[in-house]
2 protein chains.
Amino acid sequence: MTYQPAESGLALWRRVADAIESGIAGGKYQAGTRLPGELEIAEQFGVHRHTVRRALATLAERGLVRAERGSGTYVEAQRIAYPIRSRTRFSEIIGTSGREADGRLIDSSVEPAGADLAKKLGLKANAPVVRIDMLRQANRVPICVGTSWLPAERFPAADRIYKTTRSMTKTLAHFEVTDYRRAVTRVGAALVDAADCAALDLRPGSPILLVESVDHDLNGDPILTTRARFAAERIEFVIES
Amino acid sequence: MTYQPAESGLALWRRVADAIESGIAGGKYQAGTRLPGELEIAEQFGVHRHTVRRALATLAERGLVRAERGSGTYVEAQRIAYPIRSRTRFSEIIGTSGREADGRLIDSSVEPAGADLAKKLGLKANAPVVRIDMLRQANRVPICVGTSWLPAERFPAADRIYKTTRSMTKTLAHFEVTDYRRAVTRVGAALVDAADCAALDLRPGSPILLVESVDHDLNGDPILTTRARFAAERIEFVIES
DNA sequence: TTTTATTTGTCCGTATGTATC
DNA sequence: GGATACATACGGACAAATAAA
């Protein structure tokens, strides 16, 4: 068990970290602004600069702040809470957070489904699917890039509908699918690649969240599967059981 | 819409990628083994090396393969599917996948809860909590490091129990909590820091999955909250709705 | 330890089909 | 139709890292 100062029962660096975190949560330090210098914070708490550095390091690891050598430590923007549940709609989620959702079609085509894709969508191998590559934004800030696939027989020219509606929900509604349910979601993480780096406006080496999902209509038939990359610094998934 | 060779309706590099992916899924290329060289694959499909490189790049982005300059391209180990549901138990999940789960206590103490922690656990500010830092492994491979907090009044010396049982489920059972439920899970991503880098046996700059969770007992009272960092290359979360 | 061959990474270029204005 | 931009595909050269002789 760790050494603990007798007076408080809490390691110094944890107290400093808690205080700074409270300052961010309470609005004392606004997103995007610069924190006081390490020496200044140290003086303020009456601790050594190393203690402040340890506190800042834990906050940086959790993505609350970002240190820039030679410049200072900055408060990161709060991540958008992105709930994953039976009813998961990008536009609804972003809209609820008080932001304006926007989708943009990057590319599309009709292709024969590979083995994996055919299985996910319950199709025969090489059955035609509509592929839609898209970029999704909240308040003009890119949130994710991804690819969706729909059965081409049931949803012919879905890509053209998406291009005008800029919303998957509206696109499906065009085909009389008024409601649908998320069946399964898989979440992993990786590093951004060069192409996504530009599309998502991220620095090279930034982490991204990989999401694979399958949606069913109300009869339980798969209608849509998506593979998306989210900017990890802007999003946090929330699963409520 | 993209240019497509008329004969097939599918871009060449996509066909190559699909074929290699099928080879991995079908066991033709086993995890950890080396794929044929780029030139060899190119000859096999009758395409240019650059076309193969594009196919491999997409597979690498999804974490299926990993290229090593001067050596070759290797099939990555399949990520462990880690379901997130009402009943989420590390040892059960790892055990079900045919692996041996193990937990190790790194550090612990009793501390006053900060504002955020007290709220999550439904305690008064500065109420004492037991903090347990731990490392969890599957087949001796580190999977995650994290910190759990429990109300100290209800679970006195929970850290000592954990140290011997090496399992949170067994620790809670010791306090007559035979069952508990995951209430909420938050998932983000970041880069590994120096300390976790060593603990998780990762290369610097590797992505990690950040997980914050709160568990309730069957009365709906919060009993446990955890903040963990998972090695993204070894784990994939699965949410079924 | 040094050399050599192999393999991936990066850059130059050319040609072609498609989409957009 | 023309001009432009972009993605695909091929060709070649060399650098950098690795592995084996």
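Each chain gets a letter, A, B and so on, in the order its sequence line appears, and its residues count up from 1.
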**Q** Any side-chain N or O of A/Lys163 less than 4.0 Å from the OP1 or OP2 oxygen of C/dA19?
**A**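 The answer is no; no side-chain N or O of A/Lys163 sits under 4.0 Å from OP1 or OP2.
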
**Q** Closest-nucleotide mapping onto DNA chain C: is B/Arg69 or B/His50 further toward the 5' terminus? I mean the 5' end.
**A**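 Mapping each residue to its closest nucleotide by heavy atoms, the 5'-most match is B/Arg69.
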
**Q** What is the distance, to the nearest angstrom, from the CD atom on B/Glu43 to the P atom on D/dG11?
**A**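 Distance, rounded to whole Å: 13 Å.
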
**Q** What is the distance, rounded to the nearest whole Å, between atom CG of B/Leu56 and atom P of C/dG9?
**A**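 It is 9 Å, rounded to the nearest whole Å.
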
**Q** At what distance, to the nearest 0.5 angstrom, does CZ of A/Arg227 lie from CH2 of A/Trp149?
**A**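 Here the rounded value is 4.0 Å.
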
**Q** Once the angle between the rings of A/Phe175 and A/Phe155 is folded into 0 to 90°, is it parallel (under 30°), tilted (30 to 60°) or perpendicular (over 60°)?
**A**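 The arrangement is perpendicular - the two ring planes meet at more than 60°.
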
**Q** Look at B/Ser71 and C/dT8 and indicate whether a side-chain polar atom (N or O) is within less than 4.0 Å of OP1 or OP2.
**A**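 Looking at the OP1 and OP2 atoms of C/dT8, neither is under 4.0 Å from any side-chain N or O of B/Ser71.
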
**Q** Are OP1 or OP2 of D/dC10 and a side-chain N or O of B/Thr51 less than 4.0 angstrom apart?
**A**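 Looking at the OP1 and OP2 atoms of D/dC10, one of them is under 4.0 Å from a side-chain N or O of B/Thr51.
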
**Q** Would you say the side-chain atoms of A/Tyr180 and A/Thr169 include a donor-acceptor pair closer than 3.5 Å?
**A**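 Present: a donor and an acceptor within the cut-off.
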
**Q** Kindly indicate whether the side chain of B/Arg49 and the base of D/dG12 share any N or O donor-acceptor pair separated by less than 3.5 Å?
**A**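 No.
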
**Q** Grab the CZ-P distance between B/Arg54 and D/dA7 for me, whole Å please.
**A**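 The distance from CZ of B/Arg54 to P of D/dA7 comes to 9 Å, rounded to the nearest Å.
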
**Q** Does C/dG9 have OP1 or OP2 sitting under 4.0 Å from an N or O in the side chain of B/Arg53?
**A**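 The answer is yes; a side-chain N or O of B/Arg53 sits under 4.0 Å from OP1 or OP2.
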
**Q** Kindly state whether the ring of B/Phe237 and the ring of A/Phe237 have centres lying under 6.0 angstrom apart.
**A**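 When the ring centroids of B/Phe237 and A/Phe237 are compared, they turn out to be at least 6.0 Å apart.
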
**Q** Using whole Å, report how far NE2 of B/His48 lies from P of D/dA9.
**A**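 So the NE2-P distance, B/His48 to D/dA9, works out to 13 Å.
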
